[in-house]
Amino acid sequence: MKDAGEKGYDEMMKGLYDMAAEATVNAYAPFSGFCVGAALLAGSGKVYTGVNVENSSYGATICAERTAFVKAISEGEREFAAIAIAAKTGAGEIAESLPCGICRQFMFEFSPDIYVITGTDREALDVRKLSQLLPLGFALEHPTGGRQGGTL
Ligand code: THU
């Protein structure tokens, strides 16, 4: 968890991408060799990183984006501004990684307007709103009347 600080928009996007790239070293990807890192800027200004965590039961794998979201949500965050995603292949090459469909829906729950930063070159990043990547995401009403957390 790091603080993004008061940087300009462009520098903030690059900084987030750098954090995502740094996080790839912690990916647990013994099966695909495809190491993904994510860096999620939350409403508090804190950045939560995440990596993909694979499993011998392949379907139990979690992507880097969802790891970052779960870390942040479990720390009480509910608002999100941007997420950067970086990836490296098993051969150590930098690779493009767009969020998978499950991650798009997962993020949509919390943040349809979040900026998604991808690319292979910090000087030429792609920045899209999640609503561009998932135009018609699924959302239910909150039967609890908007209360998201538990009560003590
Ligand atoms: N992966 C992610 O971490 N994020 C994505 O959005 C796409 C895929 C991971 C899952 C798996 O560990 C590896 O990349 C290859 O699919």
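Counting convention: from 1, in listed order, for ligands and their atoms alike.
- At a 3.5 angstrom cut-off on N or O pairs, C100 counts as close to ligand 1.
- The distance criterion of under 3.5 Å between nitrogen or oxygen atoms is met by A64 with respect to ligand 1.
- Within ligand 1, counting atoms from 1 as listed, the ones closer than 4.0 Å to a heavy atom of F34 are 14 (O).
- Without hydrogens or angle criteria, Q132 side chain to K129 main chain gives a donor-acceptor distance under 3.5 Å.
- Atoms of ligand 1 found under 4.0 Å from any heavy atom of L98 (numbered from 1 in listed order, with element): 6 (O).
- With ligand atoms numbered from 1 in the order given, ligand 1 contributes 3 (O), 9 (C), 11 (C), 12 (O), 13 (C), 14 (O) to contacts under 4.0 Å with heavy atoms of N52.
- One hydrophobic cluster, built from ILVMFWY side chains closer than 4.5 Å, cannot hold both I102 and I73; they sit in different ones.
- In this structure a side-chain-to-backbone donor-acceptor pair under 3.5 Å is present from E54 to S32.
- With respect to atom 6 (O) of ligand 1, the closest heavy atom belonging to the protein is E65 OE2, 2.7 Å.
- By the definition of a contact as any protein heavy atom under 4.0 Å away, atom 16 (O) of ligand 1 is not in contact.
- Annotation for ligand 1: atoms under 4.0 Å from non-hydrogen atoms of T61 are 12 (O).
- Listed by atom number, the atoms of ligand 1 under 4.0 Å from E54 heavy atoms are 11 (C), 12 (O), 13 (C).
- Within the 4.5 Å cutoff, side-chain heavy atoms of L98 are placed close to those of R128.
- Taking the six-membered ring for Trp and thresholds of 30 and 60 degrees, Y58 and F31 have ring planes inclined between 30 and 60 degrees apart.
- Counting heavy atoms under 4.0 Å from ligand 1, residue S32 touches it through the side chain alone.
- Relative ring orientation between F110 and F69 is described as tilted, the plane-to-plane angle lying within the 30° to 60° band.
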- Steps toward side chain to side chain donor-acceptor pair (under 3.5 Å) verdict (Y48, E77): CA-CA 10 Å; Y48 297 82; E77 305 280 2; 2.8 Å; yes

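- Close contacts of ligand 1 with P99, meaning ligand atoms under 4.0 Å from a residue heavy atom, involve 6 (O).
- Checking V116, L40, T24, L16 one by one against I85, the side chain to side chain contact (heavy atoms under 4.5 Å, CB included) holds for a single residue, V116.
- For atom 1 (N) of ligand 1, the nearest protein heavy atom (residue, atom name, distance) is C63 SG, 3.7 Å.
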